[in-house]
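Any value given below was found using the heavy atoms of this structure, including those in side chains, with hydrogens, waters and symmetry copies removed. Protein chains get the first letters and strands the later ones, always in sequence-line order, with residue 1 at the start of each.
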Amino acid sequence: MAITYTSGEQVEVYRFSIPATILIPLIAVFLQAWVPLRLPFFSIFDLPLLVTIGFATARRSPLAGLFTGGLIGILQDALTHQPIGLYGISKTVVGFGASSLGIKLDVENAGARFLLTIFFYAVHEVVYFMIARGLVGLHMEWSWPHEFLSGMANAALGVLIFMLLDRVKQRT
Amino acid sequence: MDVLGRYRNLIVLVGVLFAQVLGLAVQVRRTSDSESSTRLIRVWAVGAVTPFEKALVWAQTSSGNLWHNYFYLRGVRAENRTLKAQIEQMRLEQVRMSQDADQARRLQALLAFKEQFISQTMAAQVIGGSGSELSRSVYIDKGYNDGIKTDMAVITADGVVGKVLRTYRTSSLVLLIDDQTSGVGAILDKTRLQGILRGTSSGEVQLEKVMSDETVPPGELVLTSGGDGIFPKGLVVGRVTKVTPGAELFLNIRVRPAADLSKLEEVLVVTKIDERQAQPDQSGPARAVDILAERLPGVPSKPENAEKGPAGAVAAPGTVSHAPAGTGPDAKPAPAPPQVSIGAVARKAAAAASSEGAGSPSGAATATPDAVKASPKPVKTAAAPKPQPAVEDRPH
């Protein structure tokens with residue numbers, strides 16, 4: 001079992017197999033595009049974001065986190081008609097932040113995961129909002145109730161998804 | 001070197017973010033070229049995701065068909081009786097409408113009025129969305145291999161859906177009318193006020209550029225004006241739901257789209273729009289008494305009248321078309337069949353094509369199940385004509 005040492009604490013580092021690394025983000029992006037057509041309420045979730053956070057906190061490597069987040073975001077961008085980079089930048093920041101925080105904190109229990117997901121959901125939304133309005137010039141309205149509700153919903157779903165990811169992650 | 005090693009992660013993060021911001025800025029600044037610069041990424045992404053979507057939609061459709069065609073046949077007889085009664089009602093109503101239409105054609109001819117009509121459409125299945133609330137768009141299972149081009153109008157039987165924004169080999173991206181980057185030239189049905197229909201970031205649809213000194217009643221129908229060069233004039237867009245004073249001397253008019261944009265399954269892509277000059281109908285309209293007489297037993301059918309039914313169908317791959325019956329140079333006045341759903345249109349047209357084989361010179365028709373060439377009526381598609389009861393050319 002490989003162990004990294006940070007601030008005197010031991011944290012475990014995990015990795016994912018290549019099929020899991022490719023297929024899980026792909027399935028997340030596919031479900032994000034497909035399910036809201038059948039269940040419109042599902043659009044409040046951001047599955048690719050949850051997968052980004054899940055991968056980043058398990059791997060605990062900032063570089064892997066930012067590249068995984070960036071690629072998932074660009075894939076998500078490519079399916080929209082908006083310029084590529086909106087989700088890419090947001091998820092790059094989230095991937096880097098989640099893996100950096102994963103080194104310092106124990107994110108193995110459900111409560112920590114719930115709070116971590118709410119926090120990074122908020123980070124993602126703020127970065128996305130700023131880029132979309134400031135750089136791309138899109139009209140967006142910030143709605144606190146909507147963001148709060150979405151954050152809670154994503155955090156709840158995130159806890160379940162992280163439990164599923166626990167089953168496919170491997171100790172290095 | 002030590003500093004580089006220490007801050008390696010941060011430096012890489014800044015580099016990756018800088019590259020993405022730069023790429024974004026280039027795309028925003030050069031909107032015309034940005035499509036080509038990101039085309040490859042989009043093609044790969046769509047190619048990776050759409051096969052899953054198509055497979056799921058296919059499985060869903062197949063299981064649905066199995067259920068509806070084999071197991072769920074309860075009540076079909078009662079439904080059949082109801083539909084027959086509806087057809088009777090509609091045929092009587094059709095007489096009145098055909099008289100109105102004839103009068104309109106005569107007036108249009110006097111004014112040398114040119115009208116657009118949808119002459120060819122292609123049915124497509126919605127296979128997925130964009131996955132983003134900021135990009136209100138859907139993917140359909142037809143691409144440039146099927147003849148789909150950008151800026152083609154996309155509609156349903158209920159109303160306008162959007163336009164084709166990007167085409168790929170076997171799929172296309174359709175921008176919905178409730179997206180904030182879309183724009184549709186629109187006109188109010190009764191007041192004839194024109195404006196631009198746009199989506200908002202929250203997914204609502206607004207009619208813009210209508211002056212605040214105008215009166216717009218809630219509930220008024222909104223139609224396409226044809227001014228945008230994409231949607232032919234007269235297609236139903238939606239209804240006005242709320243009117244409030246807006247900014248800069250314009251009204252803030254909320255519109256509820258006629259098509260349910262959140263539950264799209266099948267759509268029609270308008271692949272061909274024709275323009276023709278209106279011609280007055282040379283023959284008299286059908287009379288209610290004639291239509292009723294045909295329903296009575298013992299009334300022999302008149303062979304000369306039987307010829308005046310609509311033309312048959314000619315099969316051709318990809319599309320179904322109806323010539324503008326009753327409007328062309330040698331067109332005969334055929335009463336329009338009752339309007340039916342898009343799916344039924346495609347199925348009926350396909351059935352007509354396979355059973356009738358060849359058509360008469362006056363009426364068109366090419367048919368496959370996945371495409372419909374609609375009637376000359378600019379607004380709604382009509383069912384593939386099946387031989388209609390005789391209509392006499394008696395003067396009134």
Side-chain angles (χ1 to χ4, degrees), chain A residues 22 26-38 40 42-44 46-48 61-63 65-67 69-70 73-90 92-93 95-97 99-100 127-129 131-133 135-141 143 146 150, chain B residues 8-10 12-13 16-17 19-28 31 34-35 37-38 40-46 48-53 56-57 60 126-139 165-166 173-175 179-182 200-203 261-265:
Chain A
I22 295 170
L26 209 58
I27 290 169
V29 172
F30 154 69
L31 289 176
Q32 189 65 43
W34 193 75
V35 179
L37 279 182
R38 274 72 189 172
F42 196 85
S43 60
I44 66 165
D46 193 339
L47 286 183
S61 160
L63 286 185
L66 77 90
F67 282 117
I74 286 171
L75 180 64
Q76 207 176 352
D77 276 322
L79 292 181
T80 71
H81 73 280
Q82 304 291 3
I84 287 178
L86 282 166
Y87 281 115
I89 293 170
S90 314
T92 301
V93 173
F96 182 84
S99 53
S100 301
V127 174
Y128 187 90
F129 184 84
I131 298 165
R133 273 191 84 148
L135 198 59
V136 184
L138 294 173
H139 291 283
M140 285 185 76
E141 289 163 12
S143 164
H146 178 262
S150 299
Chain B
R8 189 189 60 161
N9 292 344
L10 215 55
V12 175
L13 172 70
V16 170
L17 287 180
Q20 290 193 68
V21 169
L22 199 68
L24 201 59
V26 169
Q27 290 173 71
V28 172
T31 48
S34 65
E35 169 61 21
S37 61
T38 58
L40 195 61
I41 299 173
R42 292 186 194 278
V43 167
W44 283 348
V46 171
V49 173
T50 50
F52 291 108
E53 293 174 335
L56 260 179
V57 168
Q60 195 183 21
V126 174
I127 55 170
S130 68
S132 168
E133 286 185 339
L134 207 60
S135 173
R136 296 180 188 277
S137 49
V138 293
Y139 282 88
L165 192 68
R166 290 198 187 103
L173 181 67
V174 176
L175 184 69
D179 187 88
Q180 63 175 300
T181 58
S182 78
T200 64
S201 57
S202 56
L261 302 176
S262 62
K263 290 176 185 169
L264 291 170
E265 288 185 9

For A:Pro83, is it the side chain, the backbone, both or neither that has a heavy atom under 4.5 Å from a heavy atom of chain B?
-> both
With sequence neighbours left out, write down each residue that passes ring-ring contact (aromatic ring centres under 6.0 Å, His included) with B:Tyr139, or none if nothing qualifies.
-> none
Spatial distance of atom CD (A:Gln82) from atom CD (B:Gln180) [nearest 0.5 Å] = 7.0 Å
CD (A:Glu141) and OG (B:Ser201) are apart, to the nearest 0.5 Å, by 4.0 Å
Structural part of B:Leu165 lying under 4.5 Å from a heavy atom of chain A = side chain
Taking atom types as modelled, is there a side-chain donor on A:Gln76 or B:Ser132 under 3.5 Å from an acceptor on the other?
-> no
Beyond-backbone contact of A:His139 with B:Thr200, side-chain heavy atoms, under 4.5 angstrom = no
Taking A:Ser100, A:Pro36, A:Ser43 one by one, which has the highest count of heavy-atom pairs under 4.5 Å against chain B?
-> A:Ser43
Are any of the side-chain heavy atoms of B:Arg42 and A:Leu79 separated by less than 4.5 Å?
-> no
Pick whichever of A:Val93, A:Val136, A:Leu47 has the most heavy-atom pairs under 4.5 Å with chain B.
-> A:Val136
Contact check, side chains of B:Leu264 and A:Leu37, non-hydrogen atoms, under 4.5 Å = no
Proximity breakdown for B:Thr181 and chain A, heavy-atom pairs closer than 4.5 Å = side chain
Tell me, do B:Leu134 and A:Thr80 make a side-chain contact under 4.5 Å, heavy atoms counted?
-> no
Contact class of A:Asp77 relative to chain B, heavy atoms under 4.5 angstrom = backbone
Given B:Gln60 and A:Arg38, is the side-chain contact (heavy atoms from CB on, under 4.5 Å) satisfied, shown in steps?
-> CA-CA 11 Å; B:Gln60 195 183 21; A:Arg38 274 72 189 172; 3.3 Å; yes
Side chains of A:His146 and B:Glu133: closer than 4.5 Å at any heavy-atom pair?
-> yes
Heaviest contributor of heavy-atom pairs below 4.5 Å to chain A, chosen from B:Gly129, B:Ser262, B:Ala48, is B:Gly129
Hey, is CZ on A:Phe129 packed in by over 12 heavy atoms from elsewhere, all under 6.0 Å?
-> yes
From the list A:Pro40, A:Pro62, A:Gly95, the residue making the most non-hydrogen contacts under 4.5 Å with chain B is A:Pro62
Does the side chain of B:Leu10 come within less than 4.5 Å of A:Phe96's, by heavy atoms?
-> yes
From CA spacing to verdict: side-chain contact (heavy atoms from CB on, under 4.5 Å), B:Leu56, A:Phe30 = CA-CA 11 Å; B:Leu56 260 179; A:Phe30 154 69; 3.1 Å; yes
Heavy-atom distance under 4.5 Å to chain B: side chain of A:Val29, backbone, both or neither?
-> side chain
Portion of B:Glu53 that has a non-hydrogen atom of chain A nearer than 4.5 angstrom | both
Most heavy-atom pairs under 4.5 angstrom with chain B, which of A:Ile84, A:Asp46, A:Thr92?
-> A:Ile84
Evaluate the side-chain proximity of A:Leu75 to B:Trp44: yes if any heavy-atom separation is below 4.5 Å, no if none is.
-> no
Please state whether the side chain, the backbone, both or neither of B:Leu173 comes within less than 4.5 Å of a heavy atom of chain A.
-> side chain
Is chain A contacted by the side chain of B:Val43, its backbone, both, or neither, given a heavy-atom distance below 4.5 Å?
-> neither
Check: A:Ile74 and B:Gln20 side chains under 4.5 Å, non-hydrogen atoms | yes
Side chain from CB out, backbone as N, CA, C, O: work out which of these in A:Ile89 comes under 4.5 Å of a heavy atom of chain B, or both, or neither.
-> both
Side chain to side chain donor-acceptor pair (under 3.5 Å) involving B:Ser135 - partner list, sequence neighbours excluded | A:His81, B:Ser137
Please report the closest heavy-atom contact between A:Trp34 and B:Val57, naming both atoms and the distance.
-> NE1-CG2, 3.8 Å
Pick whichever of B:Ser202, B:Gly23, B:Gly128, B:Ala19 has the most heavy-atom pairs under 4.5 Å with chain A.
-> B:Gly128
For B:Val16, is it the side chain, the backbone, both or neither that has a heavy atom under 4.5 Å from a heavy atom of chain A?
-> side chain
With only heavy atoms counted, which part of A:Ile27 is less than 4.5 Å from chain B, the side chain, the backbone, both or neither?
-> neither
Honestly, the part of A:Phe42 sitting under 4.5 Å from a heavy atom of chain B is neither
Here the pair of heavy atoms bringing A:Leu86 nearest to B:Leu24 is N-CD1, 4.1 Å
